[in-house]
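Working notes, structure below.
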Amino acid sequence: MALYVGLLLVWACWHLSAASHLLFLEEDVSIPTVDGKCFFPFYYKNQVFYDCIKFKAKHKWCSLNDTYEGYWKYCSEEDLAKCVFPFWYRRMIYWECTDDSDGFGKKWCSLTQDYNKEKVWKYCDL
């Protein structure tokens, strides 16, 4: 019985190793750039991003051009998206973070001047 369990484990490990190798080949294998400035918004996999993302990575990263072409870097605190003031939300203009319409009462802000159009936001640092 122990022999069968051992063989099953070896078979499973081999298949997992082969599958992870195939998945790795499908991913971007470029090396991050140390220099450069994040470009916002940027397009990646048919989506628009206004801030650093943690898409299939351990740390947040950003593209160094408007459409991701393999040039990227890990984000630092300075790279994270900043609130845009004033911003338009519903029928009001906001000059600071607001808790309007937040179910938890947390303050938030828009990352673009017209929240009504782009609907891109983040919670404010307190």
Side-chain angles (χ1 to χ4, degrees):
M1 179 73 171
L3 177 62
Y4 292 117
V5 171
L7 290 173
L8 180 62
L9 285 173
V10 169
W11 178 83
C13 289
W14 180 81
H15 278 289
L16 288 173
S17 174
S20 67
H21 179 68
L22 290 174
L23 288 174
F24 179 73
L25 290 176
E26 292 179 352
E27 293 301 314
D28 298 319
V29 292
S30 58
I31 298 173
T33 305
V34 176
D35 298 330
K37 183 174 167 74
C38 292
F39 194 99
F40 297 116
F42 68 90
Y43 295 87
Y44 177 67
K45 297 206 181 240
N46 297 325
Q47 290 184 305
V48 179
F49 295 95
Y50 291 83
D51 198 359
C52 297
I53 60 174
K54 198 172 180 180
F55 189 80
K56 295 190 177 186
K58 291 182 180 180
H59 304 284
K60 288 188 173 190
W61 62 274
C62 65
S63 176
L64 298 179
N65 43 19
D66 63 343
T67 301
Y68 175 76
E69 296 172 356
Y71 300 104
W72 62 281
K73 73 173 201 161
Y74 288 118
C75 293
S76 66
E77 191 67 33
E78 296 83 38
D79 296 317
L80 299 177
K82 310 292 187 270
C83 295
V84 174
F85 298 112
F87 67 90
W88 183 264
Y89 174 59
R90 293 188 176 163
R91 295 183 177 187
M92 292 185 62
I93 295 176
Y94 291 85
W95 294 85
E96 60 186 21
C97 294
T98 180
D99 61 1
D100 192 12
S101 298
D102 185 74
F104 299 105
K106 291 181 71 174
K107 292 191 177 276
W108 63 275
C109 66
S110 178
L111 299 181
T112 63
Q113 286 192 323
D114 189 354
Y115 176 84
N116 300 320
K117 182 178 177 186
E118 287 92 8
K119 299 190 182 339
V120 182
W121 63 280
K122 74 172 197 167
Y123 282 116
C124 297
D125 300 326
L126 300 176

>> If I compare all heavy atoms of Glu77 with all of Lys82, which pair ends up nearest, and what's the gap?
In response: O-NZ, 3.9 Å
>> As a quick check of understanding, evaluate side-chain contact (heavy atoms from CB on, under 4.5 Å) for Tyr115 and Val120, giving each step before the final call.
In response: CA-CA 6 Å; Tyr115 176 84; Val120 182; 6.0 Å; no
>> If the test is ring-ring contact (aromatic ring centres under 6.0 Å, His included), which one of Phe55, Tyr68, Tyr74 qualifies with Trp61?
In response: Tyr68
>> I'd like to know if the side chain of Asp114 pairs up with that of Thr112 as donor and acceptor (distance under 3.5 Å, no hydrogens or angles considered).
In response: no
>> Looking at Glu69, I'd like to know if its CD atom is crowded, meaning that more than 12 non-hydrogen atoms belonging to other residues, nucleotides or ligands lie closer than 6.0 Å.
In response: yes
>> Main chain of Ala81, side chain of Lys122: is a donor-acceptor contact present, judged purely on distance under 3.5 Å?
In response: yes
>> Does atom OH (Tyr43) have a neighbourhood of more than 12 heavy atoms from anything else shown, all under 6.0 Å?
In response: no
> Say you draw a straight line from CZ of Phe49 to SG of Cys62; how long is it, rounded to the nearest 0.5 Å?
Replying inline: 12.5 Å
> If you measure from OG1 on Thr67 to CZ on Phe39, what distance do you get to the nearest 0.5 Å?
Replying inline: 8.5 Å
>> Can you tell me how the ring of Phe42 sits relative to the ring of Phe40, calling it parallel under 30°, perpendicular over 60° and tilted otherwise?
In response: tilted
> In the single-linkage hydrophobic clustering (I, L, V, M, F, W, Y; side-chain heavy atoms under 4.5 Å), do Met92 and Phe85 co-cluster?
Replying inline: yes
>> Are Cys52 and Leu80 packed together at the side-chain level, in the sense that at least one heavy-atom pair is separated by less than 4.5 angstrom?
In response: yes
> What are the two closest heavy atoms between Tyr123 and Lys106, and how far apart are they?
Replying inline: CE2-CB, 3.4 Å
>> With clusters defined by side-chain heavy atoms of hydrophobic residues (ILVMFWY) lying less than 4.5 Å apart, directly or transitively, does Tyr89 cluster with Trp95?
In response: no
>> The criterion is side-chain contact (heavy atoms from CB on, under 4.5 Å); which residues satisfy it with Thr98, sequence neighbours excluded?
In response: Phe87, Tyr94, Asp100, Trp108
> Of all heavy-atom pairs between Leu64 and Gly36, which one has the smallest distance, and what is that distance?
Replying inline: CD2-C, 4.0 Å
> Under 2.5 Å between the SG atoms of Cys109 and Cys83: is that the case?
Replying inline: yes
> Below 4.5 Å, heavy atoms only, C-beta onward: do Glu118 and Pro41 meet side chain to side chain?
Replying inline: no
>> Would you say that Trp72 contacts Ile53 through its side chain, given a criterion of any heavy-atom pair below 4.5 Å between the two side chains?
In response: no
> Charged N to carboxylate O below 4.0 Å: is that the case for Asp79 and Lys73?
Replying inline: yes
> In chain order, what residues pass the salt bridge (charged side-chain N to carboxylate O under 4.0 Å, His left out) check against Asp51, with sequence neighbours excluded?
Replying inline: none
